[in-house]
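Structure first, commentary second.
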Amino acid sequence: MLKDNLGLTLCILIALASIGFALFSGDPYYVQVVIWVFTNAVLAVTLRFVLLIGELNIATAAFFGIGAYTTAVASTIMDWTFFASLLAAPVIAGIISALFGWITLRTKGPYFLLISFAFTEIVRLFYTKTEALGGNSGMIGMFPPMALNDYFPAIAVTILAAILFGLYAAERSNLGRVFKAIQNNEDIPRSVGLNVIGLKILCFVIASATVGLAGGVHAYTNSVIAPADFTYFVAVLALAYVKIGGEGHIAGPIIGATILTLAGQFLHSFGPYENIFYGAIIIGALLLVPGGIVGLGARFKTGKFMGRAER
Amino acid sequence: MEALSNKNKGKVLLRAEGLERKFGGLTAVADFSFELREGEILGLIGPNGAGKSTTFNLISGFMPPTSGSLSFLDQNITSKNATHISRMGLIRTFQHESLLSEMSVADNIIIATTHRLKSQAARLEKMQETAKLTGLEDHLEVMAGSLPHGLQRMLSIAIALAAEPKVLCLDEPLTGLQGAEVGAALDLFEMIRSELGITILLVEHNMRAVMRICDRILVLNHGRLLAAGTPEEVSQNQLVIEAYLGHKK
Ligand SMILES: Nc1ncnc2c1ncn2[C@@H]1O[C@H](COP(=O)(O)OP(=O)(O)O)[C@@H](O)[C@H]1O
Ligand SMILES: [Mg+2]
């Protein structure tokens, strides 16, 4: 594992540099890309957060969408203020995820994966069938208030960076240790008085509420959202970021999201073949660099290039 | 069946009545009643498959009994879950996979302190104290899965101790220990009982160890209580001798 101080310093430096860049670059395209990088980093980091308890959570994509739609409804239909509409996203995503988690987190592994997949697709179908939400074409017209317009990129990046830092802090706290214990062998924490189901739900709600907030930011960044933006494939991409960057440390998904999002800017020209590229990346990373880039760094440090990579 | 010995007058901490657990057509535990009294070391023995670990799963709330009742500290815990029962102070270890193999020794023990102790400093202090007690203080940063076998057994006891049990249920804690390690572990159990005041329910295959350390012994066979009494009484019981001759490993 990377030295934690190094990972932390790296996160902060990247965040600061990008916030500065987003603020002062005049080119809206670069500003967009920086926000995309951060959004994808949050998607990957929240996916990994639930991996701490050992579950692959496809519903990351669903809660990203629920956050985006919540903010869109609050902003365009209910005329809530900018910050209130953003805040509604994690609240609603948190409430729905608490219910969903309470029902489903008694299952594990492939069962949970399939349920979270089905949930994601059902929520997406719900958008397409609901006229009030714009059906297939989605919702438009989420704009930050005029007075904040120039600062919006900086606000967006600050919120997303705060999410990353918050999840990093949560993982480093005793809570993170308990989550890892649940992944390792949940009978042990259960046998010493910990409420394992409750803690699993907590982990899931933290990840879902934060990715919901990122969804709210996304709604304002894009000004347009549609059901097609929130398919299970969002989670597959997030998994690609995690796998290429490495899941042993929170820096992994951030590095993975950065590299693949930047690479993605060039791959758009491949059209539908772009997705094949991401699929190939997941498989290639699993086979060739099981610990991801972070894992490579750690193995380089210890001079050990062979053998099982850390999970 | 009532205990044959009257030597232990301690108050009853745990009482099982007519405990039964079926798995499909198989009855793993049947009509099993016993009492665990404050301050004693109670042995639970029997051939492989007799239902000892299942009994642990039932009393610790990891599995509900199919019938019968359980009470702990005068509360009915029959349908309570493992979190509830461990919070009341009944802590069990596991025969297999009894630790967090991918976490450090220190983290393994800290996890066990987190429910009771809320400050990080108190947790660290408890962790160090428990590690010292179990001879793990020089291995705190080692990954639990790569500890030598004997120390892994000690760690699973350390995890249970760090949770501050009133009743400690140990599932074959001596398996795979070498000569001197067995003696040290038995000394530790004695110390846990006499100095920490913790009552112990011990499942163990090592007969000499059980005979040496237990105040009373329950013998299970095919899920049923075959005999109960002091080590001398049990070791002279004809039924017990037959059950063991039939299954001797
Ligand atoms: N979860 C389970 N599912 C089905 N059968 C089980 C389960 N646990 C234990 N058994 C069966 O119950 C019987 C008692 O097992 P166990 O309590 O582990 O015995 P012991 O610990 O005395 O060796 C065995 O026949 C075993 O196969
Ligand atoms: Mg057993």
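In the text below, chain A, chain B and the rest are named by the order of the sequence lines, each starting its count at 1.
- Counting heavy-atom pairs closer than 4.5 Å to chain A, the top-ranked of the candidates B:Leu90, B:Asn108, B:Thr114, B:Thr83 is B:Thr83.
- Within 6.0 Å of CD on B:Glu190 lie more than 12 heavy atoms contributed by other residues, nucleotides or ligands.
- By the 6.0 Å contact criterion, OH on A:Tyr111 is open, its count of non-hydrogen atoms from other residues, nucleotides or ligands being 12 or less.
- Both the backbone and the side chain of B:Ser101 come within contact range of chain A, with heavy atoms under 4.5 Å apart.
- Proximity to chain A (any heavy atom under 4.5 Å) is restricted, for B:Gln120, to the side chain, taken from C-beta onward.
- One finds the CD1 atom of B:Ile111 at 11.5 Å from the CG atom of A:Asn185 (value rounded to the nearest 0.5 Å).
- Ranked by non-hydrogen atom pairs under 4.5 Å with chain B, the options A:Ile197, A:Asp187, A:Val178 are led by A:Asp187.
- Atom OG in B:Ser86 sits 8.0 Å away from atom CG in A:Leu194 (nearest 0.5 Å).
- Of all the listed residues (B:Ala163, B:Gly89, B:Ala112), the one sharing the greatest number of non-hydrogen pairs under 4.5 Å with chain A is B:Ala112.
- Neither the backbone nor the side chain of B:Arg116 has a heavy atom closer than 4.5 Å to any heavy atom of chain A.
- Between atom CD1 of residue B:Ile110 and atom CZ of residue A:Arg177 there is a gap of 4.0 Å, rounded to the nearest 0.5 Å.
- Test B:His84, B:Arg87, B:His115 against A:Asn195 for side chain to side chain contact (heavy atoms under 4.5 Å, CB included) and you get one pass: B:Arg87.
- Rounded to the nearest 0.5 Å, atoms CD1 (B:Ile85) and OG (A:Ser191) are 12.5 Å apart.
- Interatomic distance, B:Leu100 CG to A:Gln183 CD, rounded to the nearest 0.5 Å: 10.5 Å.
- No part of B:Thr113 comes within reach of chain A, as not one of its non-hydrogen atoms sits under 4.5 angstrom from that chain.
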Original post:
Could you go step by step and tell me if B:Arg123 and A:Asn174 meet the side chain to side chain contact (heavy atoms under 4.5 Å, CB included) rule?
Top reply: CA-CA 10 Å; B:Arg123 287 170 181 161; A:Asn174 199 57; 3.1 Å; yes
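- Here B:Leu99 is the residue among B:Ile91, B:Thr93, B:Ile159, B:Leu99 with the most heavy-atom pairs under 4.5 Å with chain A.
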